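These numbers were taken from a predicted model, which means no experiment stands behind them. Note that these values count all heavy atoms, side chains included, but never hydrogens, waters or copies made by symmetry. Chain letters run A, B, ... following the sequence lines, proteins first, then strands; residues in each count from 1.
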Amino acid sequence: MTVAISARGLTRRFGAVTAVDGIDLDVPRAQIYGFLGPNGSGKSTTIRMLCGLLVPSGGTVNVLGHEVPREVETVRRKIGYMTQRFSLWDDLTVTENLDFMCRIYGLDGATRRARMKDRIRSYDLASHANQRAGTLSGGERQRLALAAATLQEPQLLLLDEPTSAVDPQNRRDCWENLFALVAAGTTILVSTHYMDEAERCHRLAILDHGRIAAEGEPKQLARDIDATVIEIECADLTAVRRVLVTVPAIRSVAQLGNRLHVLMHRDSADPERELRASLAGQCADARVERVGATLEDVFVAATQLRRPDVERAA
Amino acid sequence: MIWLERLLAISAKEARQLARDRVTFGMIIGVPVLQMLLFGYAINFDVRDVDAAMLDQSRTSLSRQLVGDLQATQVLRVVREAGSERELRELMQRGNARVGIVIAPDLERRLFEGNRPAVQLLVDGSQPALEKIAQGLGSMPLLKRAGTSATGVRRFEIRTEYNPARRTAVQIVPALIGTILTMTMVIFTSGASVRERERGNLELLITTPVTRGQLLAGKLLPYVIIGLIQTTLILGVGRVLFGVPMAGSFVDLYLGALVFIAASLSLGLFISTIALTQFQAFQMAFVTMLPSILLSGFMFPFEGMPAFAQAIAQVLPLTHCNEIIRGITLRGATLADMHVPLLKLVIFLVLMFSLAVTRFRKRLD
């Protein structure tokens with residue numbers, strides 16, 4: 001068994017809205033698998049179906065070798081789930097929260113003490129041990145939630161936007177913790193809308209409107225991008241923009257400081273020369289250069305540009 | 001054993017949260033004491049010193065004696081004397097007098113002949129309980145003293161068992177146990193469970209191996225103890241302030257209260273499976289509370305209600321609770337004597353708890 005999660009045609013409808021639309025998923029063991037997508041793309045709904053909180057409207061799910069939702073109670077003994085919103089108890093202290101979760105997971109006294117001691121140390125919670133969870137900072141809460149999710153040493157961790165309320169330093173620390181868990185054999189499925197976090201995942205699925213728009217290793221996704229990435233440097237970027245709207249091959253334009261980052265269709269043989277020619281009249285000093293695609297380009301190409309493509313094909 | 005440990009873990013967590021929620025914790029003690037004082041002192045059917053107006057058309061020594069007797073009962077106090085029947089009616093209409101005493105001009109002859117009433121009592125029917133008082137006065141042998149015969153003779157002798165002094169507090173206070181528990185228990189449990197859902201705690205809890213039964217029973221347990229504390233509080237205050245006796249055994253009383261507490265808590269849990277917000281839960285709790293208080297025989301006799309109201313009352317646990325607690329505290333009944341209402345409570349408890357467990361899903365949809 002090298003696959004921790006496998007889903008086929010996973011679908012979830014809420015009334016007339018289809019939140020998740022026929023997703024196929026294979027999450028390898030002992031890796032970090034990322035869900036990257038904007039709000040409302042179906043990340044949370046998919047995670048909730050994987051841990052049995054929502055029943056799929058269609059499709060099949062297998063988690064750690066068990067059918068979900070049929071064998072959901074067996075699965076629940078083997079997974080840890082971290083909700084998007086902090087969902088431990090604000091009016092209990094750090095220690096009390098961890099102790100309660102240990103008891104809920106049915107750990108015996110000795111194991112309970114050992115695990116709590118270990119988690120408080122590894123997640124740097126010692127100085128807040130007797131502080132109520134409601135008074136912790138965003139980063140501290142996030143560490144506590146992660147500590148609680150790992151108490152029963154789950155084979156699979158499902159993390160729904162774990163770092164949405166956390167500052168950059170704490171986010172870095174969080175990811176160090178995740179890699180330590182993976183090194184110990186845990187499989188992690190994490191949803192995010194941060195590009196830098198997505199970049200750290202072993203594999204990635206880009207979700208858009210309930211479908212997987214692109215899937216693979218981040219590097220590979222960047223290599224395989226269905227677009228040419230060009231950067232234009234010029235003193236008068238407004239003039240450049242005016243010209244670019246008239247070039248049909250251009251799919252998206254984003255400004256980065258004094259440069260314009262441009263995605264173009266791949267069908268052009270020499271896009272740089274084409275662009276230089278178009279710009280020659282207005283801004284002769286423009287520097288046009290082909291660059292490597294970032295994950296953000298992949299994301300933009302996979303999500304924002306998908307529908308025009310479909311229209312064009314039809 | 002892990003099964004029980006999980007349940008107790010839930011209970012311990014619940015108790016700890018409760019102890020930290022000062023407002024709620026204060027309500028546990030404050031609500032029963034406040035209600036006791038309110039109900040115990042305010043609800044009083046033994047009316048005294050009702051303002052009365054008198055129209056004495058006879059003006060004899062006999063009529064004066066008669067009025068003296070009426071006042072001696074301390075039920076009436078003649079505050080006005082009317083010159084005419086019209087004036088008397090006006091006094092009553094304005095609310096200056098609740099009772100009008102009309103003494104016929106030929107008082108002595110009427111008393112002697114005994115076939116026509118000699119004194120008429122006009123009673124303000126817009127006020128509850130007053131009419132009963134007047135009826136009581138009417139059957140008083142107050143005219144014996146006048147040396148007359150037939151009118152003063154009582155046909156029945158009435159003795160009020162279990163409450164010889166006929167004090168309202170004795171009837172009210174035992175029924176307050178159930179009434180106050182209804183108010184607190186249903187609201188506490190439904191509120192606590194819904195709050196957990198609102199804050200997202202439930203989403204985390206239901207992805208753990210904890211079962212529905214453990215979760216619900218674990219939530220219930222600390223409130224059972226609170227219910228028993230409140231019962232003790234009400235019994236204590238009832239004894240000290242209102243001198244309410246305890247004719248039966250405390251063990252029976254606490255066992256009966258325990259079943260009622262569990263039944264009310266189950267109702268609260270059931271509400272929490274329907275309500276989406278704490279506000280909704282509170283409203284639903286209130287909807288069950290009002291009929292409970294009105295129909296359970298707490299204040300109004302059960303026997304006087306129409307059939308459909310009696311049928312509703314049968315479904316309400318408070319009705320049976322009042323029956324059991326009044327039986328044990330006042331009549332000295334044992335729990336075995338009270339097995340019929342007890343059984344009804346147990347049925348309500350089992351049904352409500354099962355319903356709550358079935359409706360509670362370890363899912364979000």
Considering all heavy atoms of both residues, which atom of B:Gly200 and which atom of A:Ser87 are nearest to each other, and what is their separation?
O-CB, 3.1 Å

By residue number, those in residues 218-229 of chain B with heavy atoms under 4.5 Å from heavy atoms of chain A are none

Would you sort out whether B:Arg20 and A:Arg132 count as a side-chain contact (heavy atoms from CB on, under 4.5 Å), showing the intermediate values?
CA-CA 11 Å; B:Arg20 291 193 181 155; A:Arg132 299 221 183 139; 3.3 Å; yes

Answer with side chain, backbone, both or neither: which region of A:Phe86 has an atom nearer than 4.5 Å to a non-hydrogen atom of chain B?
backbone

Taking only residues two or more places apart in sequence or in another chain, which ones pass ring pair (Phe, Tyr, Trp, His ring centres under 6.0 Å) with A:Phe100?
A:Trp89

Among B:Arg361, B:Glu5, B:Glu196, single out the residue with the greatest number of heavy-atom pairs under 4.5 Å to chain A.
B:Glu196

Ring pair (Phe, Tyr, Trp, His ring centres under 6.0 Å) against B:Phe298, all qualifying residues, sequence neighbours excluded:
B:Phe39

Measure A:Arg77 against the heavy atoms of chain B and call it side chain, backbone, both or neither at under 4.5 Å.
both

Would you mind checking if B:Arg16 and A:Glu96 are paired as a salt bridge, meaning a charged N to carboxylate O distance below 4.0 Å?
yes

Hey, is B:Lys362 close enough to A:Glu73 for a salt bridge, meaning N to O under 4.0 Å?
yes

Heavy-atom count around B:Tyr254 OH within 6.0 Å, excluding the residue itself: above 12?
yes

For the CZ atom on A:Phe14, are there more than 12 heavy atoms of other groups (residues, nucleotides or ligands in this structure) within a distance under 6.0 Å?
yes

Salt-bridged, A:Arg85 to B:Glu203, with N to O below 4.0 Å?
no

From CG (A:Leu54) to CZ (B:Arg363), nearest 0.5 Å:
9.5 Å

Checking the side chain of A:Arg76 only, and the main-chain atoms of B:Pro209 only, is there a donor and an acceptor separated by less than 3.5 Å?
no

Hey, is CZ on A:Phe179 packed in by over 12 heavy atoms from elsewhere, all under 6.0 Å?
yes

For chain A, the option from B:Ile206, B:Ile2, B:Leu7 that forms the most heavy-atom pairs under 4.5 Å:
B:Ile206

Tabulate below the donor-acceptor pairs under 3.5 Å that side-chain atoms of residues 260-269 of chain B make, not counting sequence neighbours, or state none.
unit_1: B:Ser264; atom_1: OG; unit_2: B:Phe260; atom_2: O; d: 3.1
unit_1: B:Ser266; atom_1: OG; unit_2: B:Ala262; atom_2: O; d: 2.8

Most contact-rich option vs chain A, by heavy-atom pairs under 4.5 angstrom, among B:Asn201, B:Thr211, B:Leu205, B:Val210, is B:Asn201

Would you please test A:Leu158 and B:Thr207 for side-chain contact (heavy atoms from CB on, under 4.5 Å) and show each step?
CA-CA 11 Å; A:Leu158 302 169; B:Thr207 49; over 6 Å; no

State, to 0.1 Å, how close A:Arg103 and B:Ala9 come at their nearest heavy-atom pair, and which atoms those are.
CB-CB, 3.6 Å

pair A:Asp91-B:Lys13: side-chain heavy atoms closer than 4.5 Å
no

Full working for side-chain contact (heavy atoms from CB on, under 4.5 Å) between B:Leu204 and A:Met101:
CA-CA 10 Å; B:Leu204 177 70; A:Met101 289 309 283; 4.0 Å; yes

